[in-house]
Amino acid sequence: MTLSGPTLLDHILYPPQKKLHLSGIPGLQHLHHWISIPFCIMYLVTLAGNSTLLCVIKADPSLHLPMFLFLSMLAVIDLVMSTSITPKMLSIFWFRSTAISLDACLTQMYFVHAFSVMESGLLVAMAFDRYVAICNPLRYLSILTSPVVAAIGLATLLRAVVFMSPLTFQICRLPLCSPAVVDHSYCEHMAVLRLACGDATFSNTYSLSVSTYVGSFDSLLIALSYTLILRAVLSLSSPQARKKTFSTCGSHLCVMALFYIPGLLSMYMESYHQELPPHVQVLLANIYLLIPPAFNPLIYGIRTKQIRDGARRVISRRRPIAERVGPSPQGTGLGVKSIP
């Protein structure tokens, strides 16, 4: 199916010589309006869930612990990653605004892939946090001090910058062929690379190598952390505690699987399985960028008792004064710091 023509807004915003076009979901353009409904819902859930999580953690001093500091970082990453692609994607689906400037495309590509690497590193940090909290609870706060948490966050940022900067600089140097139509709903690296007229071997190999390294190495560390956690729980805890831990670890691992598996599958299919329907590759790439950010605040936030209790304390403190006339035993706003 041919790409819809550019709108008047596209001609005004983007000069022709530096303009690309995103096709949306290749082969499913006639379903764009329907596809936009779940995408829009997931984006709204992402905005509401992660913003609420950040507000609750900031407002309640009892949540200023390493676990929730990592969770705050994850919420910020999810907000940035989703916002970097979803508004433009919805404009394609709703208004057929397919044009995007080359600079904007490269910026979007950098943000998507850099923040994906950051999220992967942060998931490793959160798995390590759970390992220390469960297997060495007495030293939890002495091991994961505020400087250590800040250093881990900075390390995930620097790793993403170091890995993704060469990728973006390399593709900037490649001439792009016409027609400049990217068969994707956002500026995914491998899809943009198909437009290159020059030799893209280095960029292609580097991209696959970084994706494989990050996905495999980080997944291995996460699996190791949860294996040690399960071993400790099975040997020391009561049946009720074991059941609770299995439920928590299982939900965490499911969310992580939704992040790693579709992303890697999409990457490898873009490179080696061109005969598969293009919409399958694009939908997989969208799944790993849209579903985890929507599910993370639900899995890591609402299911966590400390978050629920913190939200109640914040709400009780913000009730109108008229509702609290006279003595009330509710919500002094004081929380007891405890190891999660």
Side-chain angles (χ1 to χ4, degrees), residues 1-6 10 19-43 46 78 81-100 102 104-117 119 164 167 171 176-177 179-196 200 203-204 207-208 211-212 215 257-295:
M1 181 173 289
T2 58
L3 184 67
S4 301
D10 292 338
K19 183 169 62 177
L20 304 178
H21 284 277
L22 296 167
S23 66
I25 312 293
L28 298 180
Q29 282 89 343
H30 60 292
L31 297 176
H32 273 177
H33 282 89
W34 294 105
I35 296 172
S36 70
I37 296 174
F39 281 26
C40 182
I41 291 173
M42 282 189 287
Y43 183 54
T46 298
D78 284 341
M81 195 161 60
S82 295
T83 303
S84 66
I85 65 165
T86 311
K88 179 58 183 177
M89 196 184 303
L90 293 178
S91 74
I92 296 171
F93 294 163
W94 291 340
F95 311 116
R96 297 181 181 178
S97 179
T98 61
I100 184 170
L102 179 60
C105 183
L106 294 176
T107 302
Q108 185 188 66
M109 182 179 69
Y110 183 83
F111 269 76
V112 167
H113 294 299
F115 276 83
S116 296
V117 174
E119 176 150 346
M164 291 300 110
L167 204 62
I171 206 168
L176 301 181
C177 301
V181 177
V182 181
D183 289 327
H184 216 288
S185 55
Y186 64 90
C187 290
E188 197 271 340
H189 173 259
M190 299 301 290
V192 175
L193 200 60
R194 288 182 189 163
L195 303 180
S203 190
N204 186 39
S207 175
L208 289 174
S211 300
T212 302
L258 281 174
F259 176 76
Y260 286 110
I261 295 175
L264 290 175
L265 283 178
S266 173
M267 176 70 69
Y268 285 115
M269 284 197 294
E270 287 273 6
S271 302
Y272 299 120
H273 299 282
Q274 303 290 345
E275 72 276 4
L276 289 177
H279 65 268
V280 174
Q281 303 171 16
V282 175
L283 287 173
L284 278 173
N286 289 328
I287 284 173
Y288 104 95
L289 289 179
L290 293 177
I291 292 184
F295 277 43

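In this chain, numbering begins with 1 at the start of the sequence shown.
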Next item on the list: Check for a donor-acceptor pair, side chain of S97 on one end and backbone N or O of I92 on the other, with a separation under 3.5 Å.
Entry: no
Note to self: Which heavy atom of S185 sits nearest to which heavy atom of L22, and what is that distance?
What the structure shows: O-CD1, 4.0 Å
Margin query: Could you report the tightest heavy-atom contact between L90 and S36, atom names first, then the distance?
Written below: CD2-O, 3.9 Å
Margin query: How close do D78 and P292 get, counting heavy atoms only, and between which atoms?
Written below: OD2-O, 4.4 Å
Notebook entry, point to check: Do you know which two heavy atoms are closest between S82 and P293, and how far apart they sit?
Noted result: OG-CB, 3.4 Å
Next item on the list: Might you work through the side-chain contact (heavy atoms from CB on, under 4.5 Å) test for S116 and L289, ending with a clear yes or no?
Entry: CA-CA 8 Å; S116 296; L289 289 179; 3.8 Å; yes
Notebook entry, point to check: From I35 CD1 over to L31 CG, what is the distance, rounded to the nearest 0.5 angstrom?
Noted result: 5.5 Å
Notebook entry, point to check: Hey, is the main chain of I25 close enough, under 3.5 Å, to the side chain of H32 for a donor-acceptor pair?
Noted result: yes
Item checked: Main-chain N/O of S203 paired with S207 side-chain donor or acceptor, under 3.5 Å -> no
Next item on the list: For C40, enumerate each residue passing the disulfide bond (SG atoms under 2.5 Å apart) test, keeping only those at least two apart in sequence or located in another chain.
Entry: none
Next item on the list: Compare every heavy atom of N286 with every heavy atom of M89, then report the nearest pair and how far apart it is.
Entry: CE-OD1, 3.5 Å
Next item on the list: List the steps and the verdict of side-chain contact (heavy atoms from CB on, under 4.5 Å) for M190 and N204.
Entry: CA-CA 7 Å; M190 299 301 290; N204 186 39; 2.7 Å; yes
Next item on the list: To the nearest 0.5 Å, tell me how far Q108 CD sits from H113 NE2.
Entry: 9.0 Å
Item checked: E188 CD to R194 CZ distance, which is reported to the nearest 0.5 Å -> 8.0 Å
Note to self: Run L102 and L176 through side-chain contact (heavy atoms from CB on, under 4.5 Å) and show every step you take.
What the structure shows: CA-CA 10 Å; L102 179 60; L176 301 181; 3.7 Å; yes
Notebook entry, point to check: Got a sec, which residues hit ring pair (Phe, Tyr, Trp, His ring centres under 6.0 Å) with Y110, two or more places apart in sequence or on another chain?
Noted result: none
Next item on the list: Look at the rings of F93 and F39 and say which category their plane angle falls in: under 30° parallel, 30 to 60° tilted, over 60° perpendicular.
Entry: tilted
Checklist line | Separation of L290 CG from T46 OG1 (nearest 0.5 Å) | finding: 7.0 Å
Check: According to the interplanar angle, ranging from 0 to 90°, do the rings of F115 and F111 count as parallel (below 30°), tilted (30 to 60°) or perpendicular (above 60°)?
Finding: parallel
Margin query: Minimum heavy-atom separation for C105 and L20, please, with both atom names.
Written below: SG-CD1, 3.7 Å
Checklist line | Worked check of side chain to side chain donor-acceptor pair (under 3.5 Å) between Y186 and T86 | finding: CA-CA 9 Å; Y186 64 90; T86 311; over 6 Å; no
Notebook entry, point to check: Roughly how far apart are Q281 CD and H184 NE2, rounded to 0.5 Å?
Noted result: 8.0 Å
Note to self: Keeping H189 on the side-chain end and L167 on the backbone end, is there a donor-acceptor pair under 3.5 Å?
What the structure shows: no
Check: Quick one: does P26's side chain get under 4.5 Å of V282's, heavy atoms only?
Finding: yes
